[in-house]
Amino acid sequence: MFWKLILKRGKEKDGYNREKVSKETSTLGLISNLIAAAVKVLLYIFTGSISILSDAVNNITDCASSIISIIGIKLASKPRDSSHPYGHGRFEYLISLVVSGIILTVGFQFLRASINRIISPVPISYPSYTVAILIFTVILKLWQANLYKNVSDAIESGTLKALEKDSLSDSIITGVVLISIAIEKLFNLTLDGYVGVVVALFILYTALDLINETISIILGRGLPRDIKHEIKSKVASYEGITNVHNIMVTDFGPENIIVIIDAALAYDMTLEEVHNIVDKVEREVSELLDIKLIIHPDPLGSSADIINDVEKELSKIIRESLNIYSCHDIVLDDNKFYIDVDYNAESLTTREETQKLKTSLEEKLEKIYPNYKFCIILDPIF
């Protein structure tokens, strides 16, 4: 299989050379797209079918997408510099948006052309070899999608994942064209324009889906729940660490995902002991999960009686509320407490609701401890 050969050629000691693997995969995809586009353009010349032409132009945009992907992957692999200390990995997401934009434009163009063909139908004649050639292109596109899938899964490439979805859509589109040809031959019905509309809608759906997914990543989609749970479980499995919470994610590209997490350690440990534990966990979990893990240590317990007392009272309040999960980072600065509280962000969704919760907690604590002020920092948990 070509994907196995590409991954083998790109294998390095510490993983894959993403630039090399992505470039070879996109180049192979470009060649197969050129073949598919060329045979469909020839079929259009002999048949005049708008549905075959839209399918052909869709493959031509795939060629452009492959070229743009190669350029984007090259840009994304540029080393860090003073202006971009976290690298250029987000280029890959921007290129995915460009690819999606091209697909969207083509979809609208052929939706209009297909509607015009419905309004003004033209009789179509399909040579006997038409079906065989289209079946060949379906097989070619399915092979292409399998290539993109296996490689994208191995190197976690958003661009190749986008191309995989596009290839699958292309095979479905060509399949619809084949069905329409069969119906026209059997029942003498002119479906060319209607099938063109179906093809255009498939193209539009694919483009919008890819745009939505890519924008979601750029806006800071975060990690899936199962990945969050895995990170928490791994960190909490180390001796000395408890109450793992507050996961924050910054995605600078597939090879540079930074995860910041809070973890509680006993307050009476020395700074050196805390550093040694945190350093070990960061190093080992980062390597295991292919992320950059940063741990912010919180003290578990306190040498100050007033802090322990406040924590106990707040725990009672938390047990009485369905929308509060836990508290941590209790800091006393002069006569003011700063406390982080985890709340149910799926239940309290508006600024007014969270402000009401914050004010309520502060007033309850200040009523119990009139000589102190309280500032509650709400941390959303989804």
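As the structure is a prediction and not an experimental result, all values here were calculated from the model. Throughout, numbering of the chain's residues begins at 1 and tracks the sequence.
Remark: side-chain polar atoms of Glu164 are not paired, donor with acceptor, to backbone N or O of Tyr148 under 3.5 angstrom.
Looking only at side-chain heavy atoms (C-beta outward), Ile35 and Phe136 come within less than 4.5 Å of each other. Considering only heavy atoms from C-beta on, Glu184 stays 4.5 Å or farther from Asn188 through its side chain.
Summarising the local packing, CD1 of Ile377 is surrounded by more than 12 heavy atoms from other residues, nucleotides or ligands at distances under 6.0 Å. Counting heavy atoms of neighbouring residues, nucleotides and ligands inside a 6.0 Å radius, atom CZ of Arg283 exceeds 12 of them. Shown here is Phe108, whose CZ atom has no more than 12 heavy atoms of other residues, nucleotides or ligands within 6.0 Å. Atom OH of Tyr267 has more than 12 neighbouring heavy atoms from other residues, nucleotides or ligands inside a 6.0 Å radius. Within 6.0 Å of NZ on Lys11 lie more than 12 heavy atoms contributed by other residues, nucleotides or ligands. No more than 12 heavy atoms of other residues, nucleotides or ligands sit less than 6.0 Å from atom CZ of Phe187. Residue-environment remark: NZ (Lys292) stays at or below the threshold of 12 foreign heavy atoms within 6.0 Å.
Considering CG of Asp170 and NZ of Lys165, their distance stands at 14.0 Å, rounded to 0.5 Å. Here OG1 of Thr250 is found 6.0 Å from CD1 of Ile258. Values are rounded to the nearest 0.5 Å. Here the CD atom belonging to Glu282 is positioned 14.0 Å from the CD atom belonging to Glu287, to the nearest 0.5 angstrom. Residue Ser22 holds its OG atom at 10.0 Å from CG of Leu163, rounded to the nearest 0.5 Å. Atoms OG and CG, on Ser32 and Leu147 in that order, are 7.5 Å from each other to the nearest 0.5 Å. Here Gln144 contributes atom CD and Thr25 contributes atom OG1; the two are 11.0 Å apart, rounded to the nearest 0.5 Å.
Checked against Ile211 for a side-chain contact (heavy atoms from CB on, under 4.5 Å), the options Thr214, Asp209, Ile215 give a single hit: Ile215. Test Ile381, Ile376, Thr354, Asp379 against Tyr343 for side-chain contact (heavy atoms from CB on, under 4.5 Å) and you get one pass: Thr354.
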Determine whether Asp55 and Tyr44 satisfy the following criterion, side chain to side chain donor-acceptor pair (under 3.5 Å), listing intermediate values before the conclusion.
CA-CA 10 Å; Asp55 200 5; Tyr44 166 72; over 6 Å; no
After noting the C-alpha distance and the side-chain angles of Lys141 and Asn33, does the key distance pass the side chain to side chain donor-acceptor pair (under 3.5 Å) rule?
CA-CA 8 Å; Lys141 275 295 180 178; Asn33 281 328; 2.5 Å; yes
Given the rule in the side chain to side chain donor-acceptor pair (under 3.5 Å) test, do Glu353 and Asn323 qualify, once you have shown the distances and angles that lead to the verdict?
CA-CA 11 Å; Glu353 289 174 328; Asn323 294 319; over 6 Å; no
Any chance you could lay out the side chain to side chain contact (heavy atoms under 4.5 Å, CB included) test for Leu160 and Ile155, step after step, and finish with the verdict?
CA-CA 9 Å; Leu160 294 181; Ile155 67 173; 4.0 Å; yes
Candidate pair Lys40 and Asn59, rule side chain to side chain donor-acceptor pair (under 3.5 Å), full reasoning:
CA-CA 9 Å; Lys40 289 175 184 176; Asn59 291 149; 2.8 Å; yes
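The two atoms that bring Val244 and Ile241 nearest to each other are CG2-CG2, 3.9 Å, heavy atoms only. Across all non-hydrogen atoms, the minimal contact from Asn243 to Cys327 is ND2-O, 4.3 Å. Leu134 and Ile181 get closest at one heavy-atom pair: CD1-CD1, 3.6 Å. When all heavy atoms of Ala56 and Ala37 are compared, the closest pair comes out as O-CB, 4.0 Å. For the residue pair Leu265 and Met269, the shortest heavy atom distance occurs at CB-SD, 4.1 Å. Across all their heavy atoms, Glu284 and Tyr238 have their closest contact at OE1-OH, 2.6 Å.
Ion pairing between Lys367 and Glu363 fails under the 4.0 Å rule for side-chain N and carboxylate O. Salt bridge status for Lys316 with Glu320: absent, with no side-chain N to carboxylate O gap under 4.0 Å. Ion pairing between a basic and an acidic side chain is recognised when a charged N comes within 4.0 Å of a carboxylate O; Glu362 and Lys358 show such pairing. We find that Lys20 and Glu12 are not joined by a salt bridge, their nearest charged nitrogen and carboxylate oxygen being 4.0 Å or further apart.
Lys336 forms no cation-pi arrangement with Phe374, by the criterion of a distance under 6.0 Å to the ring centre and an angle within 45° of the ring axis.
Note: Phe2 and Trp143 meet the aromatic proximity criterion, with ring centroids under 6.0 Å apart.
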